[in-house]
Amino acid sequence: AEYPAIAGGEESFSDSESYYTLRQAQAIHETGLPWYEDPLSYGGRFLPSLFLFYYIVALFSFFLEPVIAGKIVMNLIASLITFFVFLITNKITQNRKAALCTAAISGFVPIYFSLTINALTKTTVLVTFSFLFIYLFMTLKERGHLYLLMILYLLLLLTTPAVVVIILGLFLYIILLKIEQVKVEGEEIEVTLFLAFITFWVLFLFYKEVLLFHGISFIWKNIPTLLVSSFFKSLNIPELVVRIGILPFICGLYIIYEYVFRKKDKTMYLLISFCITISVLVWLELFEFNKGVIFISIFLTIFFGKAFDDALQYLEKTKFAKYTTYALILLLMIFVVSSVVPSLAFATDEIAKSFTKEEIDAYRWLKENTPKNAVVIGATEDGHLISYYGNRKNVMDTNFVMIPDIDERYEDLSRIYTTLSLTEAINRINKFHGTYVMVSQRAKKEFGDDIVKYVDDPCFKVVYNESTRIYQSLCEIK
């Protein structure tokens, strides 16, 4: 319930990719199908994509204003993490008190709380329902759970290709059981192999063009070299502590050590396998940093629940049993300081990154005041909003896949903003067939404050002059 209360007051999202989702939902409203041949992104391009998520957003936006619908969908899904963490923790501890405490903490893990509160992305869906998948895998023998697991996985598979981390986690789980000489159930192997087969078949079906176009580098999504560090970076321990919370971090590492080197527990091996898989992928820069750390933070929180249960059992056997209540109060105080306060601070910062009304007014101005065939040059983060609100072609957005010579393209875009040469600027603008140049706060953040110094020349005309400025390009060099 805390998610909608905080996020609902803002009328925009914090990231530009959310607006690509809204465009896809809009296309579904109009045609019944999402865009595969996008006429506006990069001036027009082909972009294969898994579609289920867009249909869910489109369904909600039938009844509500699209931005509000998106916020409600995401925050409802994000809030479910507490329930799934409760189920898993209760399974591994058989202690409702520890499970309830862990579930409460999972709702305030700083990075999860902040990055899901004001963004319309598939990451929230993947992370949240991956933990339901793990619970169903733990309880495969219970009636109906196998069918629920299969249905859930197929839905996730039609949502995001990042679901492949589940398959990798299951394979590591089976390997770990073999190493530790713990019996592997035939059903577990069969489910893993079947899901692996269906995963690679579906992903090849949808993304064969991407694989042929990029080869193995498709893993890095064709992100320009200068921007890769914004998406993929190595693990940093101090940063992890801040983003995850001190209690889950310390207790989580302790539990991993205990069950890898000293104890044997099949359900714990399953959780540890997933945590190790994602940690290694992030460390090798094969998995987006923020997405990976969100996963890791929830796993460590669940491990905290196990450590908390162990601590309660130990206290009950000592003369300090009567002080259990005081221990819980102390734990609550540490939790508030180390997790709740940072979560609210990070969430406030994230909401502050939202596109402002003034910025959105500039994008909307494009739709009403520029030709339909206009090509608008903007920063990478401007791209999706130029297309969503302005309904005009952009030259670059965050969907880098299937774009040839992406580094050259980004260099051209960067030079348009940073060059002092009028001739160079016009040449590069003409190369994109650009007709308008947008100077937004996002452009200043990406390329610096001292940009487009050449616009006083008669070749450029100011057509919109607010906090965002828009210049019409009037000249060609032949």
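For this chain, numbers begin at 1 and follow the sequence in order. Here the structure is a predicted model, which is why all the values come from computation and not from measurement. Basis for what follows: all heavy atoms, side chains included, without hydrogens, waters or symmetry-related copies.
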Work out which heavy atom in Ala58 is nearest to a heavy atom in Ile28; give both atom names and the distance.
CB-CG2, 3.8 Å

Does Thr159 reach the side chain of Leu50, with side-chain heavy atoms less than 4.5 Å apart?
no

Report yes or no: is the cationic atom of Lys71 (NZ for Lys, CZ for Arg) closer than 6.0 Å to the six-membered ring centre of Phe13, at no more than 45° off its axis?
yes

Just wondering, are more than 12 heavy atoms of other shown residues or ligands nearer than 6.0 Å to CZ in Phe83?
no

Can you check whether Tyr207 reaches Pro48 side chain to side chain, under 4.5 Å on heavy atoms?
yes

Would you please indicate yes or no on a ring centroid separation below 6.0 angstrom for Tyr417 and Phe447?
yes

With sequence neighbours excluded, what pairs up with Cys251 under the disulfide (SG to SG under 2.5 Å) test?
none

For atom OH of Tyr36, is the number of surrounding heavy atoms from other residues, nucleotides or ligands below 6.0 Å larger than 12?
yes

Quick one: do Glu359 and Tyr363 satisfy side-chain hydrogen bond (donor to acceptor under 3.5 Å, both in side chains)? Show the steps, please.
CA-CA 7 Å; Glu359 288 177 297; Tyr363 301 124; 4.8 Å; no

Could you go through the side chain to side chain contact (heavy atoms under 4.5 Å, CB included) check for His384 and Thr21 one step at a time?
CA-CA 9 Å; His384 291 307; Thr21 301; over 6 Å; no

Give the minimum heavy-atom separation between Ala443 and Met438, together with the two atoms involved.
CB-O, 4.4 Å

Say whether, by atom type as modelled, one donor and one acceptor occur between the side chain of Trp220 and the main chain of Thr225 under 3.5 angstrom.
no

Considering residues at least two apart in sequence or located in another chain, which fulfil the salt bridge (Lys or Arg N to Asp or Glu O under 4.0 Å) criterion with Arg415?
Glu424

So Phe133 and Tyr153, would you call those rings parallel, tilted or perpendicular, with 30° and 60° as cut-offs?
tilted

Side-chain heavy-atom pair Phe86, Ser106 within 4.5 angstrom cut-off:
no

How long is the straight-line distance from CD1 of Ile294 back to OG1 of Thr128, given to the nearest 0.5 Å?
9.0 Å

Identify the residue among Gln24, Arg45, Arg23 that makes a side-chain hydrogen bond (donor to acceptor under 3.5 Å, both in side chains) with Asp38.
Arg23

For Lys353, salt bridge (Lys or Arg N to Asp or Glu O under 4.0 Å) partners two or more places apart:
Glu350

Would you say NZ of Lys208 has more than 12 non-hydrogen atoms from neighbouring residues, nucleotides or ligands within 6.0 angstrom?
yes

Rounded distance (nearest 0.5 Å) linking atom CD1 of Ile175 with atom CG of Leu170:
11.0 Å

Indicate the ring-plane relationship of Tyr54 and Tyr20, choosing parallel, tilted or perpendicular according to the 30° and 60° boundaries.
perpendicular

Does Phe131 have its ring centroid less than 6.0 Å away from the ring centroid of Phe299?
yes

List in chain and number order the residues that pass salt bridge (Lys or Arg N to Asp or Glu O under 4.0 Å) with Lys221, two or more places apart in sequence or in another chain; answer none if no residue qualifies.
Glu288

With sequence neighbours left out, which residue pairs that include part of residues 375-398 fulfil the salt bridge (charged side-chain N to carboxylate O under 4.0 Å, His left out) condition?
Glu381-Arg442

Smallest heavy-atom separation, Gly378 atom then Leu413 atom, equals O-CD1, 3.5 Å

Looking only at heavy atoms, the pair that brings Leu33 and Thr31 closest together is O-OG1, 2.9 Å

Within 6.0 angstrom of Phe62 CZ, more than 12 heavy atoms from elsewhere:
yes

Apply side chain to side chain contact (heavy atoms under 4.5 Å, CB included) to Val210 and His214, showing your working.
CA-CA 6 Å; Val210 177; His214 295 295; 3.7 Å; yes

May I ask you to test the Thr89-Phe304 pair for a side-chain heavy-atom distance under 4.5 Å?
no

For the student: nearest non-hydrogen atoms of Ala119 and Asp15, plus distance:
CB-OD1, 3.5 Å

Leu176, Ile134, Leu168 screened by side-chain contact (heavy atoms from CB on, under 4.5 Å) with Ser273, the one that passes:
Leu176

Within the side chain of Tyr410, is there an N or O that forms a donor-acceptor pair under 3.5 Å with the backbone of Ile223?
no

Could you check whether any side-chain heavy atom of Thr370 comes within less than 4.5 Å of a side-chain heavy atom of Thr435, counting everything from C-beta outward?
no

Give the intermediate values and the outcome of side chain to side chain contact (heavy atoms under 4.5 Å, CB included) for residues Ile68 and Phe63.
CA-CA 10 Å; Ile68 300 301; Phe63 310 104; over 6 Å; no

Centroid separation under 6.0 Å, is that true for the rings of Tyr19 and Tyr389?
yes

According to salt bridge (Lys or Arg N to Asp or Glu O under 4.0 Å), who are the partners of Lys357, at least two apart in sequence or on a separate chain?
Asp361

